[in-house]
Amino acid sequence: MKIMISYPPLIGDGTPTLGQNRQFQWFHNPSFIYPMVPASAATLLKVNGYDVVWNDSIAEMHTQKQYEDILIREKPDIIAMETKTPVIKQHWSIIERIKQILPEVKVILMGDHVTAMPEESMLNSKVDYIITGGDYDFLLLNLLNHVRKSEALEPGIWYRENGNIKNTGKFQLNHDLNKLPFIDRELTKWKLYGEKFFKYAPYTYTMVGRDCPWAKCTFCSWTTLYPNFRTRTPESLLDEIDLLIKNYKIREIFDDTGTFPRGEWLKKFCQGVIDRNYKLSLMANFRFDYINESIAPLMKKAGFRLLKFGLESANQGTLDRLCKGTKVEDIERGCKIAKDAGIGVHLTIMVGYPWETKDDALRTYEMARKLLDKGLADMLQSTVVIAYPGTPLYKQAVENNWLRFKPGEWEKFDMTIPIFNFPDMQPADVMKICDDIYKAFMTPRFIMRQILSIRNFDDLAFLFKAGKAVIGHILDFQRKKE
Ligand code: SF4
């Protein structure tokens, strides 16, 4: 039986950020994040004897015609596709087209949107199965074993039977991640993937946990997929790193767990990296309230070069409403601890909360500018707040009538324009502030510091790449202003 894990080409204003993306955008200067869980699924299926095709027509920038040629050439029995709110309707049309080309094929959808609203896709498309929850790997294997060997379906799967829509109940995240094989990098075309903050090639991604020990932020779409946290052991990640260094001479790794594990787990991992004497640059997502003066130096010693922190907003009222679990004062304190230890800081910031005024949004801009100017942050990314179905923020938005669009106008949730009404801002004001936050890099002190930090070719190439990325993002938001 042949299964194709597939990202078909999508139509929109740029290149879509779909696989492994907790938020969706169209980019004009794209880079692609390694879809870690679908890659794990491809590997698990192959190890279990299935014929697996990895097709990422988004990252490979295939045309529609090229994609259809792949379908005709490969003739898969089953196609599994990850989807997200802004492109769910496109995926319904794609399923229609796939079934015209391959009438016998079975199609599976997975992702946070269909986890929140599985029935919608069963009713509005010819999809055969929907996998809910984020364990695509375990559930895909179960589903294929069901089709091939009549294995009983696990909870979390929607299907059709005699013209009726049925499901096996609420998904359960009770699978042991340590039992998964390490991702087959050749099968899943690892060289396609890498964001612009990578510095030392060859680089790649890992994902040791699913997905975040905090898992409470009301806007976070992956809490829909992973309401509880599981992680592999530190030894398991160390062994995977071993393999990556030996097989691919990897010099830099970004672990894309929503928030990297902390506490004893982290100490054990750092000590393991030090003991194994890797010459490796590491990056991870972290939280301001998880970094402290005792762990930061150990992380630096282990090779952590950059940590990504969700700043989100400089307003305590907003952090509280988001259940972020951090204080405004944690932000500068956390940046300083990381920087004092010699670890770079990447901030993720959002504008366009439905309750924030223009002054609130400008306060966030001002904080970002100051942190960059004072050398307490090295890079940032700024996005417009989107409430995806399945998140508490979406529920609040519907209940409080914050949305400018009707539920169902999903294509409007693509960050091209804000989806909320604001107390005293127009959509264009929000896009401008988002754009201005990217320009916050451009203080003379920040630019001088970057130039003075150039030591070698890697530094120079990185600075050039980062500059290009900032310009690309500014153009993205300028194009989108109403
Ligand atoms: S800390 Fe990050 S990954 Fe965790 S719930 Fe909040 S936004 Fe999501």
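Start at 1 and go down the list; that is how both ligands and their atoms are numbered.
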Could you tell me whether Lys89 sits above the aromatic face of Trp92, with NZ or CZ closer than 6.0 angstrom to the six-membered ring centre and within 45 degrees of the axis? no
Return the closest protein heavy atom for atom 1 (S) of ligand 1 as residue, atom name and distance.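 The protein heavy atom lying closest is Arg287 NH1, 3.4 Å.
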Tell me, which pairs form a ring-ring contact (aromatic ring centres under 6.0 Å, His included) where one or both residues lie in residues 308-350, sequence neighbours left out?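 Non-adjacent pairs meeting ring-ring contact (aromatic ring centres under 6.0 Å, His included): Phe197-His346, Phe288-Phe309.
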Regarding atom 2 (Fe) of ligand 1: of the candidates Lys308, Lys324, Met350, which has the closest heavy atom?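 Checking each option, the heavy atom nearest atom 2 (Fe) of ligand 1 is found in Lys324.
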Partners of Phe171 by ring pair (Phe, Tyr, Trp, His ring centres under 6.0 Å), sequence neighbours excluded? none
What number of protein N, O or S atoms occur at distances under 2.8 Å from atom 8 (Fe) of ligand 1? 1
Does a side-chain N-to-carboxylate-O contact under 4.0 Å join Lys395 and Glu399? yes
Which pairs pass salt bridge (Lys or Arg N to Asp or Glu O under 4.0 Å) with one or both residues in residues 206-215, sequence neighbours excluded?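 Qualifying pairs, neighbours excluded: Arg22-Asp211, Asp135-Arg210, Asp137-Arg210.
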For the residue pair Phe198 and Tyr205, categorise the inter-ring angle as parallel (less than 30°), tilted (30 to 60°) or perpendicular (more than 60°).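 Judged by the thresholds at 30° and 60°, the geometry between Phe198 and Tyr205 is perpendicular.
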Geometric class of the Tyr353/Trp355 ring pair [parallel <30°, tilted 30-60°, perpendicular >60°]: parallel
